[in-house]
Each structure stands twice: as structure tokens, then as C-alpha cells.
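These notes are about the structure you will find just below.
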Amino acid sequence: MQRVLITGAAGNIGKVLRQGLRGRYPKLRLMDIAPLGEAAPGEEISAADVRDMAAMEKLMAGVDCVVHLAGVPAEDAWDKILQMNIVGCYNAFEAARRQGVRRFIFASSNHAVGFHRRERFIDNLVQPRPDSRYGVSKVFGEALGRLYADKHGMDVACLRIGSFRTPDGPTNVRMLNTWISHRDMVQLVTRCIEAPSYHFIVVYGVSANLRCRWDNSNVRFLGYHPQDNSEAFAAELIARNETEDPVSAQFHGAFFCPMEFSGDTGKID
């Protein structure tokens, strides 16, 4: 890979990847609508909006691999989700196709499968069960990835990212299952960029947590071996004895599930 593009490079994950991937590839192209500061050696800075197809097509020129992070990063109003996470995601995939990009890494989310019950271990083959409009947008992105892999021969990796927060570790008991450290995120993305040819894969973005309930065994060929484990924080977090919302506590998506909830949890298998 000669030129790697990170969209949404000014966001929390983008900043960590920018630092972690710097110098690994001849050119690291960084894109956002927010300021990115001065380019370091080997970096290219681009101001673009994912809603602008012409700008996205220009951005993709000469790129070998896209790490697509740009978009609304949490639950929000439908109009915002639609423009940034639906239209913007389509523009990124289509612009990449038009410019002959070989590999596309899509930042999906555990919220694409958030209404699976938490007591179940789930792998990358479970059916989508989004817990929010945001989760729906990630299911859409995964479906687009499958389309562009099957129809256009693009290598596509969808990362169902868990809890990416501060470098200091998880901040509540639920994150003992879902936390991914900064260095593990950098390793995971690096493996997806550099792995031998694959067609379409879904990978959970999670560290080697003892309490993890997400199974990545189907994608071992990537060589992703997370180094960190949330268990080091377990005693302190459990001692807080914090009470979780009763709807949240039943599902993998946690606090996204009770947002605007008016259903019957007894009907959710």
C-alpha cells in the first residue's frame, strides 16, 4: 500500500490512527471538514465533505486503501444520520470505485447488532439487529461494503467497533466486555490494510477482554492479536456498584437500546 486515506481524520479514532500509522506508508492522506493542522512528513491534508461526490472523487485519486471514519459518531436526528452516514457513506464507496481503490475499511459499530441479547456470544455471521438510527446507518454501510465487494471486486473490511474511549481504559462495567485500547485499534486497522487479499469480512473492534462476548474466530487469518485486556480495571469498576438501566442491561447495544424505547423486551428473542 503506497497511499492510505483516512476520512474523518480529525475525530477521536482518526487522531489515534494518524499518529499510529504515520511513517508506515509512503503517503498518509488525511481528510476532514474540521481542521487537521499542519501536515507532518509523509502526510497530505485534504478538506472535503463526504456529502460532496465531486470532492470525494477527487480525494480518492491515487489511493490504494481507504479507512472510512467520517460521519456522525453516535445516535442523532435522522436528517443528520441520513446526510452524513447514508449519503456520505455511499459517496465514499462510489468515489473509491470510480478511482480504482483496491481496499476499503469501513468503521461500522457494535450498534449494528445492538439488540442481540447480551448473554449470547455473537460472531460476525449473526443477523443485523440495530439498536438506533445510528446502528441502522452502520448496517447500511456493511451492506454497501458487501455490494461493492461482490459487484466491483473491492476488498472490504467492516469493523464493528466496541468502546473506544480515552487511553486510560474502560469507564463502566459494560465496557469490560466491549473496550478496545488505542494501540489495539491501530493494530486492527493495520492488519486490515496489510492482510493478504480478502473479499468481504466483518471484524469486531475489541481488545483481548476476558469478559468479551464477541467472537472473531472466523477472521483469525488477519493476524489480529490484541495486547490489552480490560480485566485490569474490573475490580475498581465493579466496586462502584453502579446500576444499569434495565433495558440497557439486557442487550449488547447497552445505553443505545433504551433511547426512545417504547417496545416490549419480552418480545425480543
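Note that these values count all heavy atoms, side chains included, but never hydrogens, waters or copies made by symmetry.
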Are any side-chain N or O atoms of Asp184 and backbone N or O atoms of Ser207, one a donor and one an acceptor, separated by less than 3.5 Å?
-> no
Backbone of Leu36 reached by a side-chain donor or acceptor of Arg18 within 3.5 Å = yes
Closest heavy-atom contact between Tyr134 and Glu75?
-> N-OE1, 2.9 Å
Indicate the atoms forming the closest heavy-atom contact of Asn172 with Leu237, along with that distance.
-> O-CD1, 3.5 Å
Mark yes or no: Arg103 above the aromatic ring of Tyr198, with NZ or CZ under 6.0 Å from the six-membered ring centre and no more than 45 degrees from the axis.
-> yes
Taking the side chain from Arg133 and the backbone from Asp76, do they hold a donor-acceptor pair closer than 3.5 Å?
-> yes
Scan Ser230, Ser163, Cys212 and name whichever one has a side-chain contact (heavy atoms from CB on, under 4.5 Å) with Leu176.
-> Ser230
Let me check something: any side-chain donor-acceptor pairs from residues 78-88 under 3.5 Å, sequence neighbours excluded? List them with distances.
{"residue": "Asn85", "atom": "OD1", "partner": "Val72", "partner atom": "N", "Å": "2.7"}
{"residue": "Asn85", "atom": "ND2", "partner": "Val72", "partner atom": "O", "Å": "3.1"}
{"residue": "Asn85", "atom": "ND2", "partner": "Ser137", "partner atom": "OG", "Å": "3.1"}

May I ask you to decide if the ring planes of Trp214 and His252 are parallel, tilted or perpendicular, using 30° and 60° as cut-offs?
-> tilted
Go through the steps for Val189 and Ile6 under the test side chain to side chain contact (heavy atoms under 4.5 Å, CB included), then give the verdict.
-> CA-CA 11 Å; Val189 170; Ile6 302 175; over 6 Å; no
Under 3.5 Å donor-acceptor, Arg160 side chain and Ala112 backbone = no
Looking only at atom types and distance, does a side-chain atom of Asp64 sit under 3.5 Å from a main-chain N or O of Arg3, one as donor and one as acceptor?
-> yes
Checking Asp228 side chain against Ser181 main chain: does a donor-acceptor pair fall under 3.5 Å?
-> no
Would one find more than 12 heavy atoms of other residues, nucleotides or ligands at under 6.0 Å from atom CZ of Arg220?
-> no
Show your working on side chain to side chain contact (heavy atoms under 4.5 Å, CB included) between Ile161 and Ser109 and close with a plain yes or no.
-> CA-CA 5 Å; Ile161 298 169; Ser109 170; 5.6 Å; no
Hey, is the main chain of Leu69 close enough, under 3.5 Å, to the side chain of Thr7 for a donor-acceptor pair?
-> yes
Please indicate whether Gln127 has more than 12 foreign heavy atoms, meaning atoms of other residues, nucleotides or ligands, lying under 6.0 Å from its CD.
-> no
Atom of Tyr204, atom of Asp123 and distance for their closest heavy-atom approach | OH-O, 2.8 Å
Do other residues, nucleotides or ligands put more than 12 heavy atoms under 6.0 Å from Asn12 CG?
-> no
Atom of Arg174, atom of Ala254 and distance for their closest heavy-atom approach | NE-CB, 3.4 Å
Whether over 12 other heavy atoms sit under 6.0 Å from Glu242 CD | yes
Checking Asp131 side chain against Phe115 main chain: does a donor-acceptor pair fall under 3.5 Å?
-> no
What pair of heavy atoms forms the shortest contact from Arg211 to Asn177, and how long is it?
-> O-OD1, 2.9 Å
Does Gln187 use its side chain to pair, donor to acceptor, with the backbone of His225 at less than 3.5 Å?
-> yes
Counting only heavy atoms not in Gln19, do more than 12 sit closer than 6.0 Å to its CD atom?
-> no
Any donor-acceptor N/O pair, Asn216 side chain to Val203 backbone, under 3.5 Å | no
So, for Val113 and Pro128, which heavy atoms are closest and what is the spacing to 0.1 Å?
-> CG1-CA, 4.2 Å
When the ring planes of Phe255 and His111 are compared, do they come out parallel, tilted or perpendicular, using 30° and 60° as the limits?
-> perpendicular
Using the ring of Phe121 (Phe, Tyr or Trp, six-membered ring only), decide whether Arg213 places NZ or CZ under 6.0 Å from its centre and within 45 degrees of its axis.
-> yes
Trace of the side chain to side chain contact (heavy atoms under 4.5 Å, CB included) decision for Gln99 with Val63 | CA-CA 8 Å; Gln99 292 288 10; Val63 168; over 6 Å; no
Check: residues 261-269 side-chain donor-acceptor pairs under 3.5 Å, at least two apart:
{"residue": "Asp264", "atom": "OD1", "partner": "Gly266", "partner atom": "N", "Å": "2.9"}
{"residue": "Asp269", "atom": "OD1", "partner": "Arg129", "partner atom": "NH1", "Å": "2.5"}
{"residue": "Asp269", "atom": "OD1", "partner": "Arg129", "partner atom": "NH2", "Å": "3.4"}

Taking the six-membered ring for Trp, are Phe164 and His182 parallel (under 30°), tilted (30 to 60°) or perpendicular (over 60°)?
-> parallel
